[in-house]
Amino acid sequence: MDKYIESVYESLVQKDPLQKTFHQAALEVLETLEPAIKKFPQYKEHKILERIVEPERIVQFRVPWKDRNGEIQINRGYRIQYNSAIGPYKGGFRLHPTVDLGVMKFLGFEQTLKNSLTTLPMGGAKGGSDFDPKGKNDSEVENFCHSFIMEMYRHIGQFTDVPAGDIGVGGREIGYMYAAYRKITNEHGSCVLTGKGWGWGGSLIRPQATGYGATYFAEEMLKTKKDAFKGKKVAISGSGNVAQYAVEKCMQLGAKAVTVSDSDGTVYMPDGMTKAQWDYMMDLKNVKRGRISDLAAKFKLEFAKGGKPWEYKVDIAMPCATQNELDGKDAQKLIDGGVKAVSEGANMPTTPEGVTAFQKAGVLFAPGKASNAGGVATSGLEMAQNSQRLFWSAEEVDQKLHGIMVNIHQNAYETAKLFGQPGNYVLGANIAGFLKVANAMVAQGYLA
Ligand code: NDP
Ligand code: 2IT
């Protein structure tokens with residue numbers, strides 16, 4: 001690695017030695033930026049690398065709430081406002097027990113480059129809490145969301161910072177948070193959160209957008225090899241928002257979604273998920289909030305307890321659950337099974353060893369910041385509709401989403417070629433996302 005880039009990386013590790021997931025995300029980006037730093041010396045002169053790895057602002061706070069027994073519980077809340085050079089801070093809230101400062105920083109850093117790739121004017125942020133929604137009833141989740149927004153409201157706003165969902169935050173949670181925001185501020189600040197419901201400021205297709213977008217991106221990669229989804233077997237991990245709509249789009253494109261999973265294990269469907277099974281999963285996960293093993297039990301399907309979706313012979317893999325869920329060994333199994341393309345629906349689901357294995361084997365590999373950008377891009381379209389006080393049809397939003405994904409693919413593909421590594425979507429996406437943010441920071445001077 002270039003000495004300058006290495007020194008930036010070493011310094012961030014030294015400052016926060018425990019933030020391992022953040023180190024991983026930062027290194028994955030920094031090591032691919034070398035050709036851009038060499039070509040454009042102004043970035044080094046303006047200390048852009050030192051600046052982009054450091055968040056503009058970190059907010060951490062106490063979230064007290066009462067459980068069903070009236071007992072007081074305390075969680076930690078966060079908002080990392082990473083970079084606002086190209087637009088207001090934008091990015092989701094995650095509610096999961098593994099949330100800590102390092103995880104929030106990794107996600108905020110990724111979000112900054114991802115949002116730049118969408119072509120829309122959005123800076124990068126992430127937030128959330130170590131609150132675990134599993135096993136909590138609706139009232140407990142509602143109490144938590146109200147308490148969370150009681151502090152968060154002062155840090156967000158349509159021109160400041162616009163949060164949305166992520167793991168553990170979907171339509172239900174955004175509804176509770178939006179109510180708290182309205183009551184505290186006495187404003188229908190409809191641009192302040194995205195992922196709202198239809199009829200109160202939400203955009204059609206926002207729920208579908210991340211899963212659809214990751215599938216559109218995979219379709220574009222396949223096209224470069226004159227290939228298509230029809231008849232392909234696809235391994236999908238997770239069974240939450242992103243996975244659900246990746247499955248649906250695969251079915252629409254004539255492919256077979258052969259797995260879904262959750263943290264308990266994997267359901268295998270050799271002939272592909274059927275519409276009846278998908279409908280059952282949607283109710284199970286979004287209404288009953290049950291476990292994916294119920295799907296296997298109901299339809300007499302194979303359930304691998306503790307197993308991952310990467311055990312099976314497939315053409316395409318779409319990791320849509322969480323970070324580091326697909327490691328070097330998993331990648332090797334997929335390669336041995338003949339996998340042709342990997343499109344990340346989750347953020348950083350593939351470990352560095354996994355990424356290297358795919359790239360060495362010539363597998364088309366799309367990094368999450370490019371392939372899962374359809375979610376935040378459609379959040380941007382929700383903001384545009386809110387600002388206009390208008391609503392667009394599902395067809396119109398889907399068409400715009402599709403156009404954005406085609407554009408991100410083209411940009412990552414062309415940038416990789418331009419910087420001497422054709423086919424390297426990781427390098428292409430990192431450099432393309434970086435250049436826009438870096439140029440904005442140079443133009444705005446040292447304060448940016
Ligand atoms: P959901 O909460 O809807 O679903 C998450 C799914 O992943 C569940 O099936 C969950 O299983 C599984 N999962 C979560 N954590 C773990 C873990 N530690 N080990 C194994 N399985 C796990 O979240 P989303 O679908 O919204 O998010 C999935 C991924 O996509 C995340 O990486 C997120 O950052 C990313 N993403 C989301 C976007 C969005 O618009 N929602 C946009 C772009 C990226 P279980 O229920 O057992 O925990
Ligand atoms: O990781 C992501 O891009 C998201 N969770 C979506 C963020 C958003 O603001 O829609």
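Just so we're clear, the structure is a prediction, and the values are computed from it rather than from any experiment. As the structure lists them, so they are numbered: ligands from 1, and atoms in each ligand from 1.
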What residue and atom, counting heavy atoms only, is the protein's closest point to atom 9 (O) of ligand 1, and at what distance?
Ser239 N, 3.0 Å

Among all protein heavy atoms in this structure, tell me which lies nearest to atom 15 (N) of ligand 1, with the distance rounded to 0.1 Å.
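So the nearest neighbour among protein heavy atoms is His96 NE2, 3.5 Å.
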
Modelled atom types, side-chain donor and acceptor of [X] and [Y], under 3.5 Å:
X: Ser293; Y: Lys305; result: no
X: Asn430; Y: Glu28; result: no
X: Glu56; Y: Ser84; result: yes

For ligand 1, which is the ligand I care about here, please tell me if [X] has any N or O atom under 3.5 Å from one of the ligand's N or O atoms.
X: Lys285; result: no
X: Ser263; result: yes
X: Arg206; result: yes
X: Asp262; result: no
X: Asp166; result: yes
X: Lys126; result: no
X: Asn241; result: yes

Between Gly175 and Trp200, what is the shortest heavy-atom contact and its length?
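Scanning both residues, the minimum pair turns out to be CA-CH2, 3.5 Å.
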
Anything under 3.5 Å between an N or O on ligand 2 and a protein N or O? List each pair with its distance, or write none.
unit_1	atom_1	unit_2	atom_2	d
ligand 2	1 (O)	Gln111	OE1	3.3
ligand 2	1 (O)	Lys114	NZ	3.0
ligand 2	1 (O)	Lys126	NZ	3.0
ligand 2	1 (O)	Asn347	ND2	3.0
ligand 2	3 (O)	Gln111	OE1	3.4
ligand 2	3 (O)	Gln111	NE2	3.0
ligand 2	3 (O)	Lys114	NZ	2.7
ligand 2	5 (N)	Lys126	NZ	3.3
ligand 2	5 (N)	Gly165	O	3.0
ligand 2	5 (N)	Asp166	OD1	2.9
ligand 2	9 (O)	Lys90	NZ	2.7
ligand 2	10 (O)	Arg206	NH2	3.0
ligand 2	10 (O)	Ser379	OG	2.6

On the six-membered ring of Tyr425, is Lys369 placed so that its NZ or CZ lies under 6.0 angstrom from the centre and within 45° of the ring axis?
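Judged by the rule, Lys369 and Tyr425 form no cation-pi pair.
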
I need the contact type for [X] against ligand 1. Using non-hydrogen atoms and a strict under-4.0 Å cut-off, is it side chain, backbone, both or neither?
X: Glu325; answer: neither
X: Thr210; answer: side chain
X: Cys320; answer: backbone
X: Ser261; answer: backbone

Does ligand 1 have any atom sitting under 4.0 Å from a heavy atom of Met348?
no

So, using side chain to side chain donor-acceptor pair (under 3.5 Å) as the criterion, who are the partners of Asn286 when residues are at least two apart?
Gln244

Just to verify, what does Asp132 make a salt bridge (charged side-chain N to carboxylate O under 4.0 Å, His left out) with, not counting sequence neighbours?
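Partners of Asp132 by the salt bridge (charged side-chain N to carboxylate O under 4.0 Å, His left out) criterion come out as none, since no residue qualifies.
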
Does Asp271 pair with Lys256 as a salt bridge, N-O distance under 4.0 Å?
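No, no charged N to carboxylate O under 4.0 Å.
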
Scan residues 339-357 for pairs that pass salt bridge (Lys or Arg N to Asp or Glu O under 4.0 Å), counting only residues two or more places apart or in two chains.
Asp315-Lys340

